[in-house]
S.K.: 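Provided herewith is a single structure, encoded as structure tokens, for subsequent inquiry.
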Amino acid sequence: MSFFDSRDPAFDSYVLGNAPVKQLATGFDWVEGPVWFGDAGCLLFSDIPNNRIVRWTPGSGVTTYRQPSNYSNGHTRDREGRLVSCEHGARRVTRTEHDGRITVIADSFEGKRLNSPNDVVVKSDGTIWFTDPHYGIMTNYEGYAAEQELPCNLYRVDPASGRMDAMVTDANCPNGLAFSPDESRLYMADTGRMFSDDPQHIRAFDVGSAGRLAGGDVFHVIEPGCSDGLRVDVDGNLWSSAADGVHCISSNGDLLGKILVPELVSNVCFGGRAKHELYMTATTSIYRVTLNRQGVQHP
Ligand code: MG
């Protein structure tokens, strides 16, 4: 059985025919938010229902990084390498300082509590962009069912000034995020409101010089499943989660090929010494495949 389903010759050059899609660890309940720490030589990810951030280290396996984690979901690193986390339970975005202290980046907008921040990216200017769908407060799966106070928006925070802006206000449930390599484009997945027939797709926005967004048309529709999380490689291709694995999508919106994974994938990140390893959080397990392709990853 092949680990890959190629739809375009370009994809054949991205994959290594005998590189396996390898299960690295399993036994989790719902994993999300992978982020690679090359300096520490480890992967961090959320095991959301178990209220913990898990650390996977090559050769050593799995240890607990933080528990409780306030039901953290998506993670990234800022331009100083600090961990930035979306927390469902505390309904906030935080930054973990180098000394371990936790700084709250955002927990409200215009006096109303955020819903349940889901995924986050940091732009080269240091601004923090995150999505705030309502998934964490619509049910008591995590014990935090609550009234929704704000629409499901995409926000930008400038941690230097504290300024916070709602950048996308017409989404149903914004989810995974990624900038194109030159940051001229922002990709935003919309996975739709819980208990609804909302369309699920990836939208593409043009990023203006002042940081304003324009456009926002549907860029690609994942089939089967939806895009919960995505990352971009150095050539601008998207690597997005899907129900049958990870889909590679060109910057034109064309499906180039699939990495087939035996569990539903939620999110991905690039890691390894050359950022050539794709780490995948998939339901109860994490997987890795080595690619002939390098991810955009900062720092
Ligand atoms: Mg997500």
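Computed over heavy atoms, backbone and side chain alike; hydrogens, waters and symmetry mates excluded. Start at 1 and go down the list; that is how both ligands and their atoms are numbered.
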S.K.: Is it true that R156 and D158 make a salt bridge, defined as a side-chain N closer than 4.0 Å to a carboxylate O?
M.R.: no

S.K.: Would you please test L260 and F3 for side-chain contact (heavy atoms from CB on, under 4.5 Å) and show each step?
M.R.: CA-CA 5 Å; L260 303 175; F3 296 109; 5.7 Å; no

S.K.: Among the N, O or S atoms of D228, which one sits nearest to the Mg ion (ligand 1)?
M.R.: OD1

S.K.: Got a sec: is N175 within less than 2.8 Å of the Mg ion (ligand 1) via an N/O/S atom?
M.R.: yes

S.K.: Hey, is D170 close enough to R203 for a salt bridge, meaning N to O under 4.0 Å?
M.R.: yes

S.K.: Has N118 got an N, O or S atom lying less than 2.8 Å from the Mg ion (ligand 1)?
M.R.: yes

S.K.: When you check the gap from the basic side-chain N to the acidic O, do R77 and D39 get nearer than 4.0 Å?
M.R.: yes

S.K.: Please give the atom name: the N, O or S atom of E32 nearest to the Mg ion (ligand 1).
M.R.: OE2

